Number of protein chains: 2
Amino acid sequence: MAAVGMKIGALAGRSGLPVKTLRYYEDLGLLPAIGRSEGGYRLFGEESLRRLEFIRRLKSLGLTLDDIQECLAVHDAGELPCGDIQRQLQRQIDLVDERLRELRLFRKELQSLLQNWQSDPAPNTAVICPNLNV
Amino acid sequence: MAAVGMKIGALAGRSGLPVKTLRYYEDLGLLPAIGRSEGGYRLFGEESLRRLEFIRRLKSLGLTLDDIQECLAVHDAGELPCGDIQRQLQRQIDLVDERLRELRLFRKELQSLLQNWQSDPAPNTAVICPNLNV
DNA sequence: TTAGAGTCTCCCCACGGGTGGAGAGTCAAG
DNA sequence: CTTGACTCTCCACCCGTGGGGAGACTCTAA
């Protein structure tokens, strides 16, 4: 009558994730199984569902599985991972800001090129595209 | 006394690109050799340098090698690729704009999460991170 | 003629997060 | 006991743009 655990298909059904993905997470150490059946089937506890929700949420916030692994390690050590997550999220914002700067600059370059673009200029045998001058 | 062509190392030296990259471009069909030596060495013409400048420029504008291939095909057919390049660059701007929208939205989400973040909240056994509520 | 530099093809590796399939073993219901 | 669904491990592949190296061959200058 003890809860012996879910097999991987049951966890897939309840979490909405593909079986392959769950195996992948377990291989990475993100999702420890509570054990194996006699035949070698992975058995998962109820807390796996919470864990998968956590992983999904952090993935949606742009963290890599490696980042998430670190947060879960803190949790598994019995501490609250909130501080670590906060740092990761701040780093994420910094990365986004940098990317935004790059993209805005890049857009300016593209825009200025198209500004005086001539679709059908006089051919020039010395270059491939006269508008780009190369 | 005919110009029999450069070997790949000479082209690498003059273009500043690694030999490996030139072979890769030739395999893709981006950079046709004018032939092979008796021993099987690739031989390139002078126009290869112009071609590589063109490729480099379009790469720096965010086009993929596939996109560039299309432009070069137009050029090789004897037409000016300017119209095609213009379309590619406009598409590039559209992609950048979409990406900018996504990133701005994403930044808002991250920022609002950190707004009321508590680094060290009361532990809650039902969730892994009380701030995220998962 | 010979040494050494250059080049050839072919194959594996990188990144991140998985997906697909083969072949074999396991589990539960009828 | 059988059958069909489930699961196991292991290997390969995807995206793009090359990099690294092995083993064999070629070219050129002295």
Side-chain angles (χ1 to χ4, degrees), chain A residues 3-45 48 51-52 54-72 88 91-92 95 99, chain B residues 3-45 48 51-52 54-72 88 91-92 95 99:
Chain A
V4 290
M6 275 173 282
K7 285 187 288 189
I8 202 166
L11 183 56
R14 291 224 262 154
S15 69
L17 287 167
V19 167
K20 281 274 188 185
T21 300
L22 300 180
R23 272 196 207 109
Y24 179 60
Y25 285 177
E26 202 243 6
D27 288 349
L28 292 182
L30 280 175
L31 183 69
I34 56 180
R36 294 280 179 132
S37 75
E38 294 188 2
Y41 287 14
R42 290 169 184 82
L43 298 174
F44 296 96
S48 293
R51 214 168 166 93
L52 287 173
F54 180 76
I55 294 171
R56 176 149 45 195
R57 184 76 175 111
L58 261 55
K59 251 171 61 72
S60 83
L61 294 172
L63 273 66
T64 66
L65 296 181
D66 264 3
D67 298 335
I68 298 172
Q69 176 100 332
E70 287 180 32
C71 296
L72 282 170
Q88 296 277 15
R91 193 178 59 96
Q92 204 59 23
L95 287 176
R99 189 75 187 120
Chain B
V4 291
M6 276 173 282
K7 285 187 289 189
I8 200 166
L11 184 55
R14 290 176 67 190
S15 69
L17 288 167
V19 167
K20 280 274 189 185
T21 300
L22 300 181
R23 274 198 206 107
Y24 179 58
Y25 287 177
E26 203 244 4
D27 286 349
L28 292 183
L30 279 176
L31 184 69
I34 56 178
R36 295 279 179 133
S37 75
E38 293 190 1
Y41 287 13
R42 290 170 184 81
L43 298 174
F44 296 96
S48 294
R51 213 167 167 94
L52 286 172
F54 181 75
I55 294 171
R56 174 149 46 196
R57 183 77 175 111
L58 260 56
K59 250 171 66 70
S60 83
L61 294 173
L63 273 65
T64 67
L65 296 182
D66 264 3
D67 298 336
I68 300 173
Q69 176 99 329
E70 287 180 33
C71 296
L72 283 170
Q88 294 278 15
R91 193 179 60 96
Q92 203 59 24
L95 287 175
R99 189 77 187 120

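Since the model is a prediction, treat every value here as computed from it, not as a measurement. Quick note on labels: first sequence line is chain A, next is B, and so on, each numbered from 1.
Side-chain atoms of B:Q88 never come within 3.5 Å of backbone atoms of B:L63 as a donor-acceptor pair (strictly under, hydrogens ignored). Here the side chain of B:R56 pairs a donor or acceptor atom with the backbone of B:S15 at under 3.5 angstrom.
Checked against C:dG18, C:dT19, D:dC27, the side chain of A:K20 finds its nearest nucleotide in C:dT19. Counting only heavy atoms from C-beta on, B:T21 has its side chain closest to D:dG19 among D:dG19, D:dT9, C:dC8. Each of C:dT19, D:dC8, D:dG18 was ranked by its minimum atom distance to the side chain of A:P18; first place goes to C:dT19.
Within a heavy-atom distance below 4.0 Å of DNA chain D, the residues of residues 62-70 of chain B found are B:T64, B:L65.
The distance from atom CG of B:L58 to atom C1' of D:dG16 is 17 Å, rounded to the nearest whole Å. For the pair A:L31 CG and C:dG18 P, the interatomic distance rounds to 12 Å; values are reported in whole Å. Spacing between atom OH of A:Y41 and atom P of C:dG25 amounts to 12 Å, rounded to whole angstrom units. As a whole-Å value, the separation of A:R56 CZ from C:dG18 P is 11 Å. Spacing between atom CG of B:L28 and atom C1' of D:dC15 amounts to 14 Å, rounded to whole angstrom units. Residue A:Y24 contributes atom OH, which lies 17 Å from atom P of D:dA12 at whole-angstrom precision.
Positionally, the nearest nucleotide of DNA chain D for A:L43 lies more toward the 5' end than for the other of A:L43 and B:Y25.
At a threshold of 4.0 angstrom between heavy atoms, the contacts of A:R23 include nucleobase atoms, whether or not backbone atoms are also involved.
OP1 or OP2 of D:dC27 lies within a sub-4.0 Å distance of a side-chain N or O belonging to B:S37. The shortest distance between the side-chain N/O atoms of B:R36 and the OP1/OP2 oxygens of C:dT9 is below 4.0 Å. Contact between the side-chain N/O atoms of A:R42 and the OP1/OP2 oxygens of D:dC8 is found at a separation under 4.0 Å.
Rotation axes derived from the C1' atoms of the five outermost pairs at either end of the helix from C:dT1-D:dA30 to C:dG30-D:dC1 lie 30° apart, to the nearest 10°.
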